[in-house]
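Each remark here refers to the structure printed beneath this line.
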Amino acid sequence: MAAVPAPIPLSKITARRLWLRAQRLDTEAPFGAGPQAVAAAIAHLGYVQIDTINVIERCHHHILFSRIPAYRRADLRQAQSSDKTVFEYWTHALSYVPVQDFRFFVPAMRRYRREGHRWLQTVKPEDSRKVMRLIRQGGALTIRDIDDDELREKDHAWASRKPSKRALQLGFYEGTLTVAGRDGMLKTYDLTTRHFGWDRLPKGATEREIAAYLLDRGLRSQGVVSLDSLCHLNAPRKADVRRVIDARVRRGELVPVALEGAGRHEHWAMPAALEEAIAIDPARVHILSPFDPLIIQRKRTQAIFDYDHRFEAYVPKDKRLFGYFALPVLVGEEIVAAIDLKTDRQNGKLLMQKWSWVGQGKAARGDHRKALKRTIEDELHRFQRFQLGD
């Protein structure tokens with residue numbers, strides 16, 4: 001058996017640049033524009049998280065805007081509903097996922113069919129038969145198209161009182177139904193096979209293929225990976241993924257790296273990535289969603305960027321430091337501020353709730369602080385146009 005190579009020392013700044021390059025936040029318009037850019041961005045990132053909070057534009061639109069300067073919401077609608085290049089499913093959270101990766105989610109769908117879903121234990125067979133009959137006979141529908149439900153008590157805080165909505169959700173997790181389109185957060189459901197023009201669902205991936213998929217997705221979108229970053233909120237997969245990592249290290253396809261400040265926490269990278277010279281434009285600004293892939297894994301963001309993001313939407317007002325929905329501000333390769341914004345759609349304004357300097361932004365003084373603020377304000381004007389546009 002080949003000896004495991006000693007870890008290669010890796011500074012935080014190099015890891016940071018590798019991650020920014022992997023996230024395509026180092027380039028002006030890495031995916032181009034239009035629905036094809038949406039499909040390409042989601043395929044590269046592996047997923048784009050969906051969330052309901054809309055104090056500013058919802059995070060799935062925001063994440064795409066950060067990588068597609070000419071992004072329009074209609075581009076995502078076309079990719080999902082017409083081009084059918086992306087679909088919705090659960091990764092670590094509800095997300096848009098490239099259709100080319102559908103087979104990696106089929107085993108989970110089959111498991112839900114066999115075992116049910118822990119959030120949807122109260123769905124009755126007659127409710128599922130009812131919604132399936134309506135969709136088979138009448139075509140795609142939303143929950144608003146079903147008006148004969150008798151409301152039932154919730155079984156958890158986020159549950160619906162409408163039995164048909166719960167049945168639609170269960171059909172979604174089981175893979176028999178898919179979200180064929182959205183109007184805001186209102187979903188249109190259709191038969192999965194009919195929506196995609198399939199005779200049956202794709203053949204499900206094996207457990208080893210899923211482990212390799214998680215590793216490949218992480219290497220592509222993170223640059224430097226750990227078991228925690230590859231299996232975010234999916235700890236049961238760690239053993240399988242570790243076996244794939246070890247096999248690739250033995251073949252020389254991966255190398256272990258010792259990330260500065262990470263102690264015994266193991267990381268890996270591809271040899272070619274470590275040889276790449278990466279220069280980050282110090283004037284490039286991104287106002288990021290708290291659900292952005294660069295931010296959502298809080299411990300990883302803190303380890304690599306020295307920035308401890310606080311998501312305070314559910315924190316009592318008097319205990320908030322950054323604000324209800326603070327957005328990290330990336331300038332060059334540093335997170336320098338957290339800005340709490342709110343979109344006043346009725347009056348066509350982007351409201352500044354709070355501006356907090358962090359990291360190098362907090363350390364900046366005098367003219368340097370003023371120049372940094374002007375740079376961010378220029379991007380805020382573009383961000384406002386996105387908030388209020390199309």
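Side-chain atoms are counted along with the backbone in the values below, which use heavy atoms only and exclude waters and symmetry mates.
Proximity of Asp281 to Asp26: side-chain heavy atoms (C-beta onward) are nowhere separated by under 4.5 Å. Considering only heavy atoms from C-beta on, Ile135 comes within 4.5 Å of Leu177 through its side chain. Side-chain contact between Arg103 and Lys203 is absent, with no heavy atoms from C-beta onward closer than 4.5 Å.
Applying the side-chain hydrogen bond (donor to acceptor under 3.5 Å, both in side chains) rule to pairs touching residues 266-280 yields Arg21-Glu276, Arg242-Glu266, sequence neighbours excluded. Screening residues 37-51 for side-chain hydrogen bond (donor to acceptor under 3.5 Å, both in side chains), with sequence neighbours left out, gives Gln49-His92.
Residues satisfying the side chain to side chain contact (heavy atoms under 4.5 Å, CB included) test with Arg114, not counting sequence neighbours, are Arg110, Arg111. With sequence neighbours excluded, the residues satisfying side chain to side chain contact (heavy atoms under 4.5 Å, CB included) with Ser221 are Gln23.
Using a 4.5 Å cut-off between side-chain heavy atoms of Ile, Leu, Val, Met, Phe, Trp and Tyr, with links allowed through other members, Leu18 and Leu227 fall into different hydrophobic clusters. Both Ile42 and Ile50 belong to a single network of hydrophobic side chains, linked directly or stepwise wherever heavy atoms of I, L, V, M, F, W or Y lie under 4.5 Å apart. In terms of hydrophobic clustering, with Ile, Leu, Val, Met, Phe, Trp and Tyr side chains grouped at heavy-atom distances under 4.5 Å, Phe291 and Ile304 are assigned to different clusters. Cluster annotation: Ile295 and Ile280 are assigned to the same hydrophobic cluster (Ile/Leu/Val/Met/Phe/Trp/Tyr, side-chain heavy-atom contacts under 4.5 Å, transitive). Both Leu254 and Ile210 are assigned to one and the same hydrophobic cluster, defined by single-linkage of ILVMFWY side chains at heavy-atom distances under 4.5 Å.
With ring centers used as reference points, Phe65 lies 6.0 Å or more from Tyr71. Between Trp198 and Phe102, the ring centre distance stays below 6.0 Å. Ring centroid separation for the pair Trp90 and Phe105 does not come in under the 6.0 Å cut-off. Aromatic ring centroids of His309 and Tyr307 lie under 6.0 Å apart.
Counting non-hydrogen atoms of other residues, nucleotides and ligands closer than 6.0 Å to CE of Met270 gives a total of 12 or fewer. The environment of Arg208 atom CZ is sparse: at most 12 non-hydrogen atoms of other residues, nucleotides or ligands sit within 6.0 angstrom. Annotation for Lys342: atom NZ does not count as buried by contact number, only 12 or fewer foreign heavy atoms lying within 6.0 Å. For CZ of Arg144, the number of neighbouring non-hydrogen atoms (other residues, nucleotides, ligands) closer than 6.0 Å is 12 at most.
Heavy-atom minimum distance, Val255 versus Pro271: CG1-CG, 3.9 Å. Residues Leu350 and Gln387 approach most closely at CD1-CG, 4.0 Å, considering heavy atoms. The shortest non-hydrogen separation linking Gly223 to Ala22 is N-CB, 3.6 Å. The two residues Ile287 and Ser66 have their closest heavy-atom pair at O-OG, 3.9 Å. Of all heavy-atom pairs spanning Pro5 and Val249, the tightest one is CD-CG1, 3.8 Å. Of all non-hydrogen atoms in Val38 and Ala79, the two that sit nearest each other are CG1-CB, 4.0 Å.
The aromatic rings of Tyr189 and Phe172 stand perpendicular to each other, their planes meeting at an angle above 60°, with 30° marking the opposite boundary. Ring-plane geometry between His117 and Trp119 is classed as tilted, the angle between the planes lying from 30 to 60 degrees on a 0 to 90 degree scale. Ring orientation note: the planes of Phe104 and Tyr213 are close to parallel, at an angle under 30° on the 30°/60° scale.
Atom OH of Tyr89 sits about 14.0 Å away from atom CG of Asp101, to the nearest 0.5 Å. Taken to the nearest 0.5 Å, the CG atom of Asn347 stands 12.0 Å off from the OG1 atom of Thr343.
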Indicate every side-chain donor-acceptor pair of residues 319-335 with a distance under 3.5 Å to a residue at least two apart or in another chain.
residue, atom, partner, partner atom, Å
Arg320, NE, Glu312, O, 3.2
Arg320, NE, Val315, O, 2.9
Arg320, NH2, Val315, O, 3.2
Glu333, OE1, Arg17, NE, 2.9
Glu333, OE2, Arg17, NH2, 3.2
Glu334, OE1, Arg16, NH1, 3.3
Glu334, OE2, Arg16, NH1, 3.2

Distance-only donor-acceptor pairs under 3.5 Å for side chains of residues 178-187, two or more places apart:
residue, atom, partner, partner atom, Å
Arg182, NE, Glu88, OE1, 3.3
Arg182, NE, Glu88, OE2, 2.6
Arg182, NH2, Glu88, OE1, 3.0

Requested in this report: Any chance you could lay out the ring-ring contact (aromatic ring centres under 6.0 Å, His included) test for Phe383 and His62, step after step, and finish with the verdict?
Outcome: CA-CA 9 Å; Phe383 191 69; His62 186 169; 5.0 Å; yes
Query - From CA spacing to verdict: side chain to side chain contact (heavy atoms under 4.5 Å, CB included), Leu201, Thr176 - result: CA-CA 9 Å; Leu201 294 187; Thr176 53; over 6 Å; no
Query raised in the report: Should Leu341 and Met352 be marked as a side chain to side chain contact (heavy atoms under 4.5 Å, CB included) after you check the CA-CA gap, both sets of side-chain angles, and the distance that decides it?
Result: CA-CA 5 Å; Leu341 300 173; Met352 176 69 66; 3.8 Å; yes
Requested in this report: Walk me through it: do Ile339 and Ser356 pass the test side chain to side chain contact (heavy atoms under 4.5 Å, CB included)?
Outcome: CA-CA 6 Å; Ile339 303 179; Ser356 303; over 6 Å; no
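Judged by the 6.0 Å and 45° rule, Arg73 forms a cation-pi pair with Phe386. Under a cutoff of 6.0 Å and an axis angle of 45°, Lys373 and Trp355 form a cation-pi pair.
Note on Lys299 versus Asp228: no salt bridge recorded, every NZ/NE/NH1/NH2 to OD/OE distance being 4.0 Å or above. Of the charged side-chain nitrogens involved, none lies within less than 4.0 Å of a carboxylate oxygen, so that Asp127 and Lys124 do not count as a salt-bridged pair. Under the 4.0 Å criterion applied to side-chain N and carboxylate O atoms, Arg248 and Asp216 are assigned as salt-bridge partners. Comment: Arg382 engages Glu379 in a salt bridge, judged by a side-chain N to carboxylate O separation of less than 4.0 angstrom.
For the 3.5 Å distance criterion, the side chains of Ser229 and Gln222 qualify, holding a donor opposite an acceptor.
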